[in-house]
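Here the structure comes first, spelled out in structure tokens, and everything after it is commentary.
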Amino acid sequence: MNNQRWIIVLGAVVSIAAIAVFLVMQQASSPEKTVEKFYHAIEKKDHEELKTLLVADEEKAKMNKVSLQALINYLNQNNASFEAIKDGFEDQISNEDYSTSTQQISLIEDEKKWGVFSQYKLKAKTVAIKVKDEQENDNINKLSAGGMTIPVQNKEEGVYGPVLPGVYELETTVSNQLGVFKEKAKKDLWGNTEISLFIDDVKLVKEDKKVQQEILEAIAVFNSDFAVFQTSSFNMEKFTNVTDTIKEINSFAKADFERAKDYIDEVQSQYLGSVVNTDGLTVHYFNEQWKADAQALVSYSNKLKLREQTAYEDFSDETIWNYSLIYDNDKKKWLIANVVDTRKGKADTQFWNSKKEMKVSNPEVHKWMRTGQKDQAIF
């Protein structure tokens, strides 16, 4: 009798324990508990806990620290979107509807644990990124976020992804005739299946220090060549970085010198340096051609000695020149396409907010001299 009583008591204990375990397991895997864990992960910014709760609607979407943190950051920074997600969860639980909803994140029913207990996950709608570039000749080499490379979905259309929704610090690597450039942009990837990312490559090129320096160096070369040009019977071939167009425009200078040289014994020219208006430095792209405009105050020490005179006349000049340049893709360098002497002087540079002085160390004096009836250029 005692044995039977113990068996009955033991059976009751086991039954109670089994019921308790069932209730605990059921509660632990309830939709409410899943949502509670999600809120906790967002609040504590715990990407590891979030990873156990989340599934993406696209298997190719990377679920790592970068993408999970992007989701956490977005919901912490955008309360309205977070509240909409919460309302969506409440509606699903109230209606016991665990299919994918219209929200960015939905509560869905997962596979049963041990074939008995219902489990729930959070399904995120992934986002694709369409990179739009102003210039068709540019190549988008890479799109990344926090060191995570975002895969190419459609190279021809410039579509990348998929990625988890969130706020990302995107870095786009672009290459064109002028080099390789990187554009950084903070972007909310939320609310649509595809988000556009516009790349202003002209702005990238204009702000690139290397491109700026190349343009300044082209100007400096021209300015130096100009002193040689003035003391070589105005030989246009002395210019080393100009277009054929500018040679044609200035060809008349040689004819003028030929008419006047009989009255000249010596010409001296010395390029002293320049001051560039860096605010006036612009780069643009038109008709598949990279172009630039610049402005500089240019200084020369020029002297002229007429025949049968011993004294030199000083024709030193310091005026503002406007430059137009084009990038020659074959020569891989900037060429001067046109120069206009504005006849404005140093006083006008007071209106320039940003300047760069280009000094010439030990500036060379270039000379054209007459020896009998023979012209002689001395450098």
Side-chain angles (χ1 to χ4, degrees), residues 178 200 202-232 234 236 238-243 245-254 256-257 260 267-286 289-304 312-327 333-366:
L178 302 180
D200 188 349
V202 173
K203 180 174 178 289
L204 282 178
V205 169
K206 179 182 177 181
E207 295 178 350
D208 187 77
K209 298 299 182 184
K210 180 174 178 290
V211 171
Q212 291 177 6
Q213 187 59 34
E214 288 174 349
I215 293 172
L216 295 182
E217 288 175 359
I219 291 171
V221 168
F222 175 85
N223 292 344
S224 180
D225 287 348
F226 192 78
V228 180
F229 167 68
Q230 292 189 104
T231 54
S232 64
F234 291 84
M236 291 299 302
K238 295 299 181 181
F239 286 113
T240 58
N241 68 336
V242 299
T243 63
T245 302
I246 198 172
K247 290 181 179 180
E248 293 172 3
I249 293 173
N250 290 280
S251 60
F252 66 88
K254 184 174 180 63
D256 287 345
F257 179 76
V267 179
Q268 294 184 13
S269 184
Q270 183 183 31
Y271 170 54
L272 303 178
S274 62
V275 178
V276 179
N277 177 13
T278 50
D279 281 343
L281 179 61
T282 62
V283 180
H284 43 99
Y285 188 83
F286 183 70
Q289 177 75 66
W290 283 101
K291 301 180 180 182
D293 295 301
Q295 189 177 53
L297 177 70
V298 187
S299 299
Y300 288 94
S301 174
N302 296 326
K303 294 180 180 180
L304 176 70
Y312 288 87
E313 295 189 38
D314 193 334
F315 286 92
S316 296
D317 199 20
E318 188 176 48
T319 57
I320 296 174
W321 289 5
N322 290 338
Y323 303 81
S324 296
L325 303 90
I326 65 168
Y327 186 78
K333 67 177 184 179
W334 288 96
L335 301 180
I336 306 297
N338 194 26
V339 178
V340 176
D341 186 346
T342 66
R343 303 316 302 167
K344 295 179 180 180
K346 189 173 183 178
D348 290 278
T349 63
Q350 64 179 308
F351 304 108
W352 297 355
N353 295 321
S354 180
K355 309 172 188 178
K356 182 177 178 62
E357 188 173 1
M358 300 173 66
K359 296 181 179 180
V360 179
S361 300
N362 302 316
E364 186 175 359
V365 178
H366 300 275

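Just so you know, these numbers come straight off a predicted model, no measurement behind them. Worth knowing before you read on, the calculation uses all heavy atoms, side chains too, and leaves out hydrogens, waters and symmetry mates.
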Query raised in the report: Nearest 0.5 Å, what's the OG-NZ distance between S299 and K359?
Result: 12.5 Å
Query raised in the report: From K238 NZ over to Q230 CD, what is the distance, rounded to the nearest 0.5 angstrom?
Result: 14.5 Å
Query raised in the report: Any idea which heavy atoms bring S354 and N277 closest together, and the distance?
Result: O-OD1, 3.5 Å
Report task. Look only at the side chain of Q350 and the backbone of A347, and say whether a donor-acceptor pair between them is shorter than 3.5 Å. Result -> yes
**Report entry** Intermediate values then yes/no, side chain to side chain contact (heavy atoms under 4.5 Å, CB included), K291 and D293
**Finding:** CA-CA 7 Å; K291 301 180 180 182; D293 295 301; over 6 Å; no
Requested in this report: Could you label the plane-to-plane angle of the F239 and F222 rings as parallel, tilted or perpendicular, counting under 30° as parallel and over 60° as perpendicular?
Outcome: parallel
Query raised in the report: Which heavy-atom pair separates V365 from Q268 by the least distance, and what is that distance?
Result: CG1-OE1, 4.0 Å
Report summary line: For N241 and A218 the tightest heavy-atom approach is ND2-O, 2.9 Å
Query - Exercise: identify the closest heavy-atom pair between V283 and K206 - result: CG2-CA, 4.1 Å
Query raised in the report: Under the criterion ring pair (Phe, Tyr, Trp, His ring centres under 6.0 Å), which of W334, Y327, Y285 is the partner of W290?
Result: Y285
Query raised in the report: Which value, rounded to the nearest 0.5 Å, describes the distance between N338 atom CG and I326 atom CD1?
Result: 11.5 Å
**Report entry** Within-4.5 Å side-chain heavy-atom neighbours: F234 and D256
**Finding:** no
Query raised in the report: What pair of heavy atoms forms the shortest contact from A294 to L281, and how long is it?
Result: CB-CD1, 3.9 Å
Requested in this report: Could you tell me the separation between the CD atom of Q295 and the CH2 atom of W352, rounded to the nearest 0.5 Å?
Outcome: 4.5 Å
Query raised in the report: Backbone N or O of P363 within a donor-acceptor pair of the Q270 side chain at under 3.5 Å?
Result: yes
Query raised in the report: Picking from V276, V211, V221, what satisfies side-chain contact (heavy atoms from CB on, under 4.5 Å) with L216?
Result: V276
**Report entry** Heavy atoms of other groups near K344 NZ, more than 12 under 6.0 Å
**Finding:** no
Query raised in the report: Are L304 and V267 close enough that some pair of their side-chain heavy atoms sits under 4.5 Å apart?
Result: yes
Query raised in the report: For the side chain of S269 and the backbone of T231, is there at least one donor-acceptor N/O pair under 3.5 Å apart?
Result: no
Report task. Please lay out, stage by stage, how Y271 and D225 fare under the test side chain to side chain contact (heavy atoms under 4.5 Å, CB included). Result -> CA-CA 9 Å; Y271 170 54; D225 287 348; over 6 Å; no
Requested in this report: Using salt bridge (Lys or Arg N to Asp or Glu O under 4.0 Å) as the criterion, point out the one residue from R343, K303, K346 that pairs with D317.
Outcome: R343
Report summary line: Value for OG1 (T342) from CG (D348), rounded to nearest 0.5 Å, stands at 7.0 Å
Query raised in the report: Quick one: are I336 and I246 in side-chain contact, heavy atoms under 4.5 Å?
Result: yes
Query raised in the report: How far does OG of S274 sit from NZ of K356, to the nearest 0.5 angstrom?
Result: 10.0 Å
